[in-house]
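Numbering of ligands and ligand atoms starts at 1, following listing order.
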Amino acid sequence: MTRKVPSKAERYFSTGISMITSRGTKGPNIMAAEWVLQISYNPVLIAIFIHKGSQTLKNIEKTKEFGVNVASKEQTAEISVAGGYSGFEIDKMSLENIFKTFTPQKIKTPMITGCTINAECNLVRKEKLGDHVMLVGKVVHIKHDDTKSPLLYHRGRYFGLGQMVEPDRQEVVTNKSTLEFFKNLAQGRFVLKCAGVLVESKNKVLVTKWPKTKVETIPFSIPPAGKNQREHLKKFIRKMRLGIQIEKESTMKRLVLKNGKEIQRVNFIIFKGKNNSTKNNSWKLKQDDVIANLA
Ligand SMILES: Cc1cc2nc3c(=O)[nH]c(=O)nc-3n(C[C@H](O)[C@H](O)[C@H](O)COP(=O)(O)O)c2cc1C
């Protein structure tokens, strides 16, 4: 068969690795699978993508259940065996020195010890997609082990988790009350999402007062999730009786507000604004707190 996709770019995906356990007429079986994905929270659904020549597929088609055992970084030997041999070739699970199992709670297929996650699944959907078959399992029992770290897979090699990568954010040192103000708005959310409007006049940035507090910033609001941010901001500006026309252009400011050890992450979508009237505006000139960094 000729390949329709000329490059091997698809080999550059990074994944985790799971061990899929199943049961057949010859007993339990196990295979390695990197194409394993949670696809729903409620109910918890996991999709696995299994090639047609595997014993695993045949087993699951028969019993309508399978185990997803997400490998930890100590389990490279298990993965190499589960992925390197087919159940048609050897009885992998009976190898004395490789797999350790435990009895499941809700299904009859054995599960593997030493994993980061063990999910017992009932088959709810089967669909042929390309050269693999998608099997969707509804999770009927799940547990995880916080002391284990996942095994990762990239270009045929195994990896462990590296250093956490803190998303690139502009650090803004604020005074205590400003930080507290944003923390209050965030109410424990990891990232506070704001939409604001910035009006520039003669190279100076105009700022205004947040209605009920003393914090000075650009006029901004926190749009509800899923709402169009520009439309929401427009209504907000109207309600505040600011004579500002919001333009189409917008920029993104990813900030981490800091005061001592306290931080709050804030994303600002900032729209450009035109000052239409001078009537009701309580504009002030640029300050050196949050405002300074939004220009
Ligand atoms: C790291 C790794 C990841 C794999 N991922 C998959 C996968 O996602 N889907 C698949 O069908 N086969 C995958 N395989 C190949 C199967 O594990 C392999 O064909 C296995 O022998 C099938 O076993 P079975 O015939 O006993 O079911 C993977 C193999 C390795 C080593």
Side-chain angles (χ1 to χ4, degrees), residues 1 3 5 8-40 45-101 104 107-112 114-137 139 148-162:
M1 204 174 84
R3 280 172 66 83
V5 184
K8 288 200 167 68
E10 73 276 15
R11 304 256 168 100
Y12 284 70
F13 279 105
S14 305
T15 62
I17 312 179
S18 293
M19 288 173 277
I20 308 300
T21 45
S22 61
R23 261 184 315 123
T25 45
K26 290 190 211 138
N29 186 39
I30 187 161
M31 75 169 267
E34 56 166 324
W35 295 349
V36 172
L37 196 63
Q38 181 189 347
I39 55 167
S40 163
L45 298 176
I46 299 178
I48 63 175
F49 299 84
I50 305 296
H51 71 85
K52 291 168 198 162
S54 69
Q55 187 177 73
T56 300
L57 179 63
K58 288 204 166 47
N59 288 351
I60 299 172
E61 282 174 335
K62 247 194 201 139
T63 61
K64 311 265 188 279
E65 64 171 45
F66 55 94
V68 175
N69 304 272
V70 182
S72 66
K73 68 174 171 31
E74 290 81 28
Q75 292 180 308
T76 49
E78 283 92 326
I79 293 298
S80 300
V81 174
Y85 295 89
S86 169
F88 296 123
E89 297 164 348
I90 55 162
D91 181 356
K92 292 178 259 189
M93 294 288 265
S94 72
L95 293 168
E96 276 173 13
N97 58 339
I98 303 292
F99 303 104
K100 289 197 178 68
T101 62
I107 59 175
K108 290 187 185 134
T109 302
M111 305 296 285
I112 304 299
C115 297
T116 59
I117 305 172
N118 296 98
E120 298 171 28
C121 301
N122 280 334
L123 182 68
V124 292
R125 176 113 180 238
K126 182 185 126 185
E127 190 150 337
K128 204 182 131 208
L129 295 169
D131 53 12
H132 279 57
V133 178
M134 178 181 74
L135 300 172
V136 178
V139 174
K148 301 284 179 200
S149 181
L151 182 66
L152 307 178
Y153 194 56
H154 179 65
R155 297 187 65 197
R157 299 234 169 118
Y158 303 124
F159 294 85
L161 282 181

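Contact annotation: the side chain of Arg125 never approaches that of Leu45 to less than 4.5 Å [non-hydrogen atoms, C-beta and beyond]. The shortest distance between side-chain heavy atoms of Leu57 and His51 does not fall below 4.5 Å. Side-chain contact between Val68 and Val139: absent, with no pair of heavy atoms (C-beta onward) separated by less than 4.5 Å. Counting heavy atoms from C-beta outward, Ile79 and Met19 have side chains that approach closer than 4.5 Å.
The protein non-hydrogen atom at the shortest distance from atom 18 (C) of ligand 1 is Gly83 O, 3.5 Å. At the shortest separation from atom 9 (N) of ligand 1 among protein heavy atoms lies Phe49 O, 2.8 Å. Protein heavy atom in closest approach to atom 21 (O) of ligand 1: Tyr85 O, 2.9 Å. The nearest heavy-atom contact from the protein to atom 28 (C) of ligand 1 is Ala32 O, 3.3 Å. Counting protein heavy atoms only, atom 3 (C) of ligand 1 is closest to Glu34 N, 3.7 Å. The closest protein non-hydrogen atom to atom 27 (O) of ligand 1 is Thr56 OG1, 2.5 Å. The protein heavy atom nearest to atom 25 (O) of ligand 1 is Ser86 OG, 2.7 Å. Protein heavy atom nearest atom 26 (O) of ligand 1, with residue, atom name and distance: Gly87 N, 2.6 Å.
Checking Arg157, Lys52, Met31, His51 against atom 19 (O) of ligand 1, the nearest heavy atom belongs to His51.
Geometrically, ligand 1 and Tyr158 share no nitrogen or oxygen pair separated by less than 3.5 Å.
Applying the side-chain contact (heavy atoms from CB on, under 4.5 Å) criterion to Lys58, with sequence neighbours excluded, gives Phe88. Residues passing the side-chain contact (heavy atoms from CB on, under 4.5 Å) test with Lys62, sequence neighbours excluded: Thr25.
Set against the non-hydrogen atoms of Tyr153, the atoms of ligand 1 under 4.0 Å away are 1 (C). Annotation for ligand 1: atoms under 4.0 Å from non-hydrogen atoms of Asn29 are 24 (P), 26 (O), 27 (O). Every atom of ligand 1 is numbered from 1 in the order shown, and the set under 4.0 Å from a heavy atom of Trp35 is 8 (O). If you number the atoms of ligand 1 from 1 as listed, the ones under 4.0 Å from a heavy atom of Ile50 come out as 11 (O). Listed by number with element, the atoms of ligand 1 under 4.0 angstrom from any heavy atom of Lys92 are 23 (O), 24 (P), 26 (O). In the vicinity of Ala82, heavy-atom distances shorter than 4.0 Å reach the ligand 1 atoms 17 (O), 20 (C), 21 (O).
The main-chain N or O of Phe66 is never found under 3.5 Å from a side-chain atom of Ser22 such that the two would form a donor-acceptor pair.
With a 4.0 Å heavy-atom cut-off, ligand 1 is reached by no atom of Ser22. With a 4.0 Å cut-off on non-hydrogen atoms, Val36 does not touch ligand 1 at all.
The structure places NZ of Lys100 at 7.5 Å from CD of Glu78, a figure rounded to the nearest 0.5 Å. Distance NZ/Lys26 to CG/Asn59: 9.0 Å, rounded to 0.5 Å.
Residue-environment remark: CZ (Phe49) exceeds the threshold of 12 foreign heavy atoms within 6.0 Å.
Side-chain contact of Thr63 with Glu65: a donor-acceptor pair under 3.5 Å is absent, judged by distance alone.
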